[in-house]
Amino acid sequence: MQHTLDLKILDPRIGGEWPLPAYATDGSAGLDLRAAIDAPLELAGGDTALVPSGIAIHIADPGLCAMVLPRSGLGHRHGLVLGNGTGLIDADYQGPLMVSLWNRSRATYIVQPGDRIAQLVLAPVVRAGLRVVDTFEQSARGTGGFGHTGTR
Ligand SMILES: O=c1ccn([C@H]2C[C@H](O)[C@@H](COP(=O)(O)OP(=O)(O)OP(=O)(O)O)O2)c(=O)[nH]1
Ligand SMILES: [Mg+2]
């Protein structure tokens with residue numbers, strides 16, 4: 001599925017010396033986001049920094065959202081994940097797209113200006129209309145959860 005996304009360039013290096021966010025392959029789900037920083041960012045083990053991506057997006061359609069996710073290689077090999085777990089970008093958000101970068105490892109990691117640090121995935125949203133009830137229609141699972149079905 002393809003959707004046209006309004007994008008503002010907040011840092012002129014995006015679309016200049018660094019390419020616009022792009023899908024790495026035809027089948028890629030995520031657009032890589034870059035660190036729009038002026039100098040190398042030293043993230044000591046355990047530290048978190050709010051890093052500008054240099055862009056703003058306006059999704060507009062409330063049936064869509066975007067999620068900021070870690071890049072697997074950085075997350076697995078270097079412990080570079082997100083301070084907020086997953087970033088959720090609302091359809092009506094028009095501010096700068098920020099990446100909360102968390103170095104969950106023990107070693108310092110240095111982010112260079114323009115490094116691809118995270119990825120943005122556009123996803124459908126189903127907004128709930130709440131109906132308050134006293135009882136639920138019986139399901140097979142009922143209230144069982146948190147390992148209730150075992151491990152094998
Ligand atoms: O990784 C992220 C997460 C969020 N945002 C922006 C877009 C999102 O629409 C807005 C609000 O995010 P969220 O609702 O998750 O945060 P909040 O703490 O509930 O803030 P608010 O009170 O503004 O909703 O912040 C980012 O730029 N990057
Ligand atoms: Mg919120």
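Each ligand, and each atom within it, is numbered from 1 in the order the structure gives. We count residues from 1, following the sequence as given.
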Protein residues that have a heavy atom under 4.0 Å from any atom of ligand 1, sorted by chain and number: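 The 4.0 Å shell around ligand 1 contains N84, G87, L88, I89, D90, Y93, P96, L97, M98.
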Over 12 non-hydrogen atoms of neighbours within 6.0 angstrom of NE2 in H3: yes
side-chain hydrogen bond (donor to acceptor under 3.5 Å, both in side chains) partners of residues 132-144, not counting sequence neighbours, each pair once: none
I need the full list of side-chain hydrogen bond (donor to acceptor under 3.5 Å, both in side chains) pairs touching residues 50-67, with sequence neighbours left out, sorted by first then second residue.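 Of all non-adjacent pairs touching residues 50-67, those that pass side-chain hydrogen bond (donor to acceptor under 3.5 Å, both in side chains) are H58-Q94.
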Kindly say whether S105 contributes a backbone atom to a donor-acceptor pair with the side chain of N103 at under 3.5 angstrom?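 Flag set: sc N103 to bb S105 pair under 3.5 Å.
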Sub-3.5 Å donor-acceptor pair from the side chain of D11 to the main-chain atoms of R13, do we have one?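 The answer is yes, because a donor-acceptor pair under 3.5 Å joins these two groups.
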Could I get the full list of salt bridge (Lys or Arg N to Asp or Glu O under 4.0 Å) partners for D32, not counting sequence neighbours?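 R71, R116.
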